[in-house]
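Working notes, beginning with the structure itself.
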Amino acid sequence: MKKQIATEKAPGAIGPYSQAIDAGSIVFISGQIPVNPATGEIPEGITAQTEQSLNNVKAILAEAGLTVDNVVKTTVFLSDMANFVPMNEVYAKVFTAPFPARSAVAVRELPKQVLVEIEVIATR
């Protein structure tokens, strides 16, 4: 059984997908790009974009009754691997040990030409 999770505190889905799906003991959060849900704006630079993407993730986790401490796996998509170090600095301020498993990959392009997109899997 699956249940859709949605909050206005994170950007709405812009296609045929859900912000997140609650599958009981596991919550799957779709990739979050750095769109400010209140203004629709995208901040400048990888640091601010990583912060906004993670704020969007945290808002969806909160809607599911979870926190970043429940996250077991993340996938970080970067438009350029040159942004890995500053992204990682922001990431390290949000997640604590034991850190979630993580993949970080460079992709050719991201929606709205953003620099980063982050998806997570969390458990109850």
From [X] [atom1] over to [Y] [atom2], what is the distance, rounded to the nearest 0.5 angstrom?
X: I118; Y: Q49; atom1: CD1; atom2: CD; answer: 10.5 Å
X: L66; Y: I5; atom1: CG; atom2: CD1; answer: 7.0 Å
X: N83; Y: L115; atom1: CG; atom2: CG; answer: 5.5 Å
X: I42; Y: K112; atom1: CD1; atom2: NZ; answer: 5.5 Å
X: F84; Y: E89; atom1: CZ; atom2: CD; answer: 10.5 Å
X: S53; Y: M87; atom1: OG; atom2: CE; answer: 10.5 Å

Single-linkage hydrophobic cluster, 4.5 Å side-chain cutoff, [X] and [Y] together:
X: L78; Y: V90; value: yes
X: I26; Y: V72; value: yes
X: F99; Y: V116; value: yes
X: V57; Y: V94; value: yes

Nonpolar side-chain network containing I14, other nodes, edges under 4.5 Å:
Y17
Quick one, Q52 with N36, criterion side chain to side chain contact (heavy atoms under 4.5 Å, CB included). Give me CA distance, side-chain angles, the key distance, then yes/no.
CA-CA 7 Å; Q52 184 63 60; N36 180 317; 4.0 Å; yes
Are K2 and S18 linked by a side-chain donor-acceptor pair shorter than 3.5 Å?
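No pair is found: no donor N or O on one side chain lies under 3.5 Å from an acceptor on the other.
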Does the Q32 side chain pair with the main chain of E119, one donor and one acceptor, at a distance under 3.5 Å?
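No.
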Okay, side chain of N56, backbone of V35: is any donor-acceptor separation there less than 3.5 Å?
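Pair found, side chain donor or acceptor close to backbone of V35.
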Got [X] and [Y] here, is their nearest side-chain heavy-atom distance under 4.5 Å?
X: R102; Y: T75; value: no
X: S25; Y: T123; value: no
X: T96; Y: D69; value: yes
X: Q19; Y: I29; value: no

What heavy-atom pair brings [X] and [Y] nearest, and what distance separates the two atoms?
X: P34; Y: P43; value: O-CD, 3.1 Å
X: V27; Y: R124; value: CG2-NH2, 3.9 Å
X: L61; Y: A122; value: CD2-CB, 3.8 Å

Residue set satisfying side-chain contact (heavy atoms from CB on, under 4.5 Å) with E117, at least two apart, ordered chain then number -> I33, F77, L110, P111
Not counting sequence neighbours, which residues clear ring pair (Phe, Tyr, Trp, His ring centres under 6.0 Å) with Y91? List them please.
F95
